[in-house]
There are 2 protein chains.
Amino acid sequence: MFRALSNPARRQMLVWLKEPMCFPGQEPADVEIGVCVSDIQRRSGLGQSTTSQYLAILRQAGLVVATRRGKWTYYRRDEANIARLLETLGDVF
Amino acid sequence: MFRALSNPARRQMLVWLKEPMCFPGQEPADVEIGVCVSDIQRRSGLGQSTTSQYLAILRQAGLVVATRRGKWTYYRRDEANIARLLETLGDVF
DNA sequence: ATCACATATTGGCAATTCTCGATATGACGA
DNA sequence: TCGTCATATCGAGAATTGCCAATATGTGAT
């Protein structure tokens, strides 16, 4: 988790995903499923492969969850797990 | 801060410093000033230079404070700042 | 002034991370 | 089936980190 968040771009992605509606073209109905990779990539300015990898790292750290629908993969925050991690953080440190 | 905590040895040091009395030879009077580098080094098993560098990184991240007394440098947690950082963390993520 | 000791800094090498372009996979439409 | 589009994975080079031994700095005792 610390490794995942030690990168500014990945931290930024996690913050952006708090407001899925701030991505262009997002419909209210999409909020629950998340934001697709290309939208995140466009906003981050990183390459496509880098964006995909970073989201995979965030997923492995349990910070986001991915949902594949058709050709798109949507990412959204794993709020429950994030809350749990923050709580553990407060206990340990 | 995330970079500082992305290393297991540095996280361990921060946790150890929660209980300064657990270091051999610590007197109750020493608790306030902290633990000296050699004690932390012995416990971590890392080299002297590595230990010194890691403590410097923790200090730059605002997680510990250093007090020089004679030839010794004592490190202790910056509890106020740690609490502030954890709070900010909860706000941002 | 000099020695010994605790800590800090430097130089370097191996391992990891960052980031990209190229390529592979998988799904949809014609 | 073929082409296209979204995403994932691979391979690689530059940059950073991990960690050490060697050296430098600062302090107290002689």
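Residue numbering restarts at 1 for every chain, and letters A, B, ... go by the order of the sequence lines.
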Undergrad: Which heavy atom of T51(A) sits nearest a heavy atom of S44(A), and at what distance?
TA: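 Scanning both residues completely, I find the closest heavy atoms to be OG1-OG, 3.9 Å.
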Undergrad: Counting only heavy atoms not in Q12(B), do more than 12 fall under 6.0 Å of its CD?
TA: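 Yes, the 6.0 Å shell around CD holds more than 12 heavy atoms from other groups.
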Undergrad: Who are the side chain to side chain donor-acceptor pair (under 3.5 Å) partners of D78(A), not counting sequence neighbours?
TA: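 Testing D78(A) for side chain to side chain donor-acceptor pair (under 3.5 Å), a comparison that skips the adjacent residues, returns none.
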Undergrad: Please tabulate, one pair per line, each protein N/O and nucleotide N/O from nucleotides 9-11 of chain C that are separated by under 3.5 Å, including the distance.
TA:
none

Undergrad: If only atom types and distance count, is the side chain of R76(B) paired as donor or acceptor with the main-chain N or O of T67(B) below 3.5 Å?
TA: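 Pair absent, no side-chain N/O of R76(B) close to backbone of T67(B).
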Undergrad: Which whole-number value in Å describes the distance from I33(B) CD1 to dA6(C) P?
TA: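 Whole-Å distance recorded here is 16 Å.
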Undergrad: From the 5' end of DNA chain D to its 3' end, which nucleotides mark the outer limits of contact with chain B, defined by a 4.0 Å heavy-atom distance cut-off (strictly under)?
TA: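 On DNA chain D, the outermost contacted nucleotides are dT17(D) to dG28(D).
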Undergrad: Can you check nucleotides 24-29 of chain C for protein contacts, nitrogen or oxygen pairs under 3.5 Å, and list what you find?
TA:
none

Undergrad: Whole Å only: how far is the CG atom of D39(B) from the C1' atom of dA6(C)?
TA: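 The answer, rounded to whole Å, is 11 Å.
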Undergrad: Please compare Y54(B) and A66(A) by the position of their nearest nucleotide in DNA chain D and report the one closer to 5'.
TA: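 Looking at DNA chain D, the more 5' nearest nucleotide goes with A66(A).
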Undergrad: In whole angstrom, what separates L55(B)'s CG from dA6(C)'s P?
TA: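 Rounded to the whole Å, the gap is 16 Å.
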Undergrad: Return the orientation label for the F2(B) and F93(B) ring planes: parallel under 30°, perpendicular over 60°, tilted otherwise.
TA: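 Aromatic pair F2(B)/F93(B) classed perpendicular.
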Undergrad: Output yes when a side-chain donor or acceptor of S52(A) lies under 3.5 Å from a complementary backbone atom of Q48(A), and no otherwise.
TA: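 Side chain of S52(A) to backbone of Q48(A), a donor-acceptor pair under 3.5 Å: no, none is there.
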Undergrad: Could you tell me which residues satisfy side chain to side chain donor-acceptor pair (under 3.5 Å) with R43(A), sequence neighbours excluded, listed by chain and number?
TA: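 Side chain to side chain donor-acceptor pair (under 3.5 Å) list for R43(A), sorted by chain: empty.
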Undergrad: Please check this pair: side chain of R10(B) against backbone of L5(B), looking for a donor-acceptor N/O pair closer than 3.5 Å.
TA: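 Side chain of R10(B) to backbone of L5(B): no pair is present.
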Undergrad: Check each residue of residues 1-14 of chain A for a non-hydrogen atom within less than 4.0 Å of any atom in DNA chain C, then write out the ones that pass by number, or none.
TA: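 Per residue number, the list reads R3(A), N7(A), R10(A).
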Undergrad: Check D91(A) against K18(B) and note the closest heavy-atom contact, atom names and distance.
TA: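 Heavy atoms only, the tightest pair is O-NZ, 3.4 Å.
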Undergrad: Quick one: pull up CG in L46(B) and CD in Q53(B) and give me the separation to the nearest 0.5 Å.
TA: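 Answer rounded to 0.5 Å: 10.5 Å.
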Undergrad: Between Y75(A) and A66(A), which heavy-atom pair has the shortest distance, and what is it?
TA: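 It is CE2-CB, 3.5 Å.
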Undergrad: Kindly check if the number of other-residue, nucleotide or ligand heavy atoms within 6.0 Å of CD (E79(B)) is above 12?
TA: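 Yes, because the 6.0 Å sphere around CD of E79(B) holds more than 12 heavy atoms from other groups.
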Undergrad: Any idea which heavy atoms bring W16(A) and I40(A) closest together, and the distance?
TA: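 Smallest interatomic distance, heavy atoms only, reads CZ3-O, 4.5 Å.
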